[in-house]
Amino acid sequence: MNKVRTLMVSSVCLLLTAFGCSQSWKAGEAAPDFSAKGSDGKTYTLASVKKKSAFVLYFIKIGCPTNDQAVKFYEQIAKAYKGKKVQFFGVINGDKTAYDEWNKQYKTTFVTLIDPELKVKSAFRVDRSPWAFFVGTDGKVGKEWIGYSTKDLGEMNKMMAQAAKAKEAKINLAGCPSNTRYG
């Protein structure tokens, strides 16, 4: 019976991989190295970012209707902790021109990593949007959120407050789904 169960689980995993579904990260796994130019013109790497503080990477797919609804909630969290001992970055699937066009609509204040060749996205095994990671100063994934919900954003808010050694920010989640939604 155990052999049959193992074979079934293995088959499902192979099918998911074949169809491009990413595997989830476990808390404590080392985050992959990355290097990308930010919307501010600076280059960011895993080493340079974690050296400063813990951080969130929020993956954005231009034109994704789910992300279009979620961005306002992520922006609130990013703004709440701006200038504190924790960082928040977007990662967008386009070049600087595409980012500029996108940001005209959403007016985000967080630095966004420009990822036109999808190198950062691929390194983190992201296959939809929105998707976010909390990474500690040790370079390990503390939490992964696929989609967004009041629960997900509440956890992110709490983790960022703890990392910043600050009071948890008041975030308006009115209109946010109560269950995780996938892009």
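Start at 1 with the first residue, then count along the sequence. Everything numeric in this text was worked out from a predicted model, so none of it was measured.
- Under the rule for a side chain to side chain contact (heavy atoms under 4.5 Å, CB included), the partners of Lys158 that lie at least two apart in sequence or sit in another chain are Gln162, Glu168.
- Without hydrogens or angle criteria, Lys107 side chain to Lys104 main chain gives a donor-acceptor distance under 3.5 Å.
- When side chains are defined from C-beta on, Phe89 does not count as touching Val56, because their heavy atoms never get closer than 4.5 Å.
- In this structure a side-chain-to-backbone donor-acceptor pair under 3.5 Å is present from Gln76 to Asn172.
- In this model, no donor atom of one side chain and acceptor atom of the other lie less than 3.5 Å apart for Tyr74 and Asn67.
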*Test log, rule side-chain contact (heavy atoms from CB on, under 4.5 Å), inputs Ile92 and Ile62*: CA-CA 7 Å; Ile92 201 160; Ile62 296 170; 3.6 Å; yes
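- Under 4.0 Å is where a charged nitrogen must lie from a carboxylate oxygen, and between Lys143 and Glu155 at least one such pair does.
- Atom OG1 of Thr97 sits about 8.0 Å away from atom CD of Glu101, to the nearest 0.5 Å.
- A donor-acceptor pair is defined here as one N or O able to donate and one able to accept, closer than 3.5 Å; no such pair exists between the side chain of Lys61 and the backbone of Thr66.
- Leu113 is listed as a side-chain neighbour of Tyr44, based on a closest heavy-atom distance under 4.5 Å.
- Across every non-hydrogen atom of Ala169 and Ala80, the tightest pair is CB-CB, 3.4 Å.
- Between atom OG1 of residue Thr109 and atom NZ of residue Lys82 there is a gap of 4.5 Å, rounded to the nearest 0.5 Å.
- The 12-atom threshold is exceeded at NZ of Lys50, counting heavy atoms of other residues, nucleotides or ligands nearer than 6.0 Å.
- Residues Ser53 and Thr137 share a closest heavy-atom pair of C-CG2, 3.5 Å.
- Taking CE from Met160 and NZ from Lys84, the interatomic distance works out to 10.0 Å, rounded to the nearest 0.5 Å.
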For residues 114-123, dump all side-chain donor-acceptor pairs below 3.5 Å to protein atoms at least two apart in sequence or in another chain.
unit_1, atom_1, unit_2, atom_2, d
Asp115, OD1, Leu118, N, 3.4
Asp115, OD1, Lys119, N, 2.8
Asp115, OD1, Val120, N, 3.1
Asp115, OD2, Val120, N, 3.3
Asp115, OD2, Lys121, N, 2.9
Glu117, OE1, Lys119, NZ, 3.2
Lys121, NZ, Val126, O, 3.1
Ser122, OG, Leu118, O, 2.9

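- In the model, Ser149 has no side-chain atom that pairs as donor or acceptor with a side-chain atom of Asn179 under 3.5 Å.
- Distance check: Thr108 OG1 to Ile60 CD1 gives 6.5 Å after rounding to the nearest 0.5 Å.
- At least one side-chain heavy atom of Ile77 sits less than 4.5 Å from a side-chain heavy atom of Leu153.
- Screening Phe124, Tyr148, Trp145, Trp131 against Phe59 for a ring pair (Phe, Tyr, Trp, His ring centres under 6.0 Å) leaves a single residue, Phe124.
- Between Tyr58 and Phe88 there is a side-chain heavy-atom pair separated by less than 4.5 Å.
- By the side chain to side chain contact (heavy atoms under 4.5 Å, CB included) test, Ser35 pairs with Thr43, Thr45, sequence neighbours left out.
- A donor-acceptor pair shorter than 3.5 Å can be found between the side chains of Asn157 and Tyr81.
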*asked:* I'd like to know whether Phe110 forms a side-chain contact (heavy atoms from CB on, under 4.5 Å) with Glu75, so could you lay out the CA-CA distance, the side-chain angles of the two residues, the decisive distance to 0.1 Å, and finally the verdict.
replied: CA-CA 7 Å; Phe110 50 83; Glu75 171 65 10; 3.2 Å; yes
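- The backbone N or O of Val49 sits less than 3.5 Å from a side-chain atom of Gln87, completing a donor-acceptor pair.
- Separation of atoms CD1 (Ile171) and CZ (Phe73) is listed at 10.5 Å; rounding is to 0.5 Å.
- For Asn103 (side chain) and Tyr106 (main-chain N/O), no donor-acceptor pair under 3.5 Å exists by modelled atom type.
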*Given Met156 and Phe134, is the side-chain contact (heavy atoms from CB on, under 4.5 Å) satisfied, shown in steps?*
CA-CA 8 Å; Met156 181 183 292; Phe134 182 89; 5.9 Å; no
*Report the C-alpha separation of Ile146 and Arg128 in whole Å, then their side-chain angles, then the decisive distance to 0.1 Å, and conclude whether the side-chain contact (heavy atoms from CB on, under 4.5 Å) test is met.*
CA-CA 8 Å; Ile146 303 171; Arg128 60 186 67 105; 3.6 Å; yes
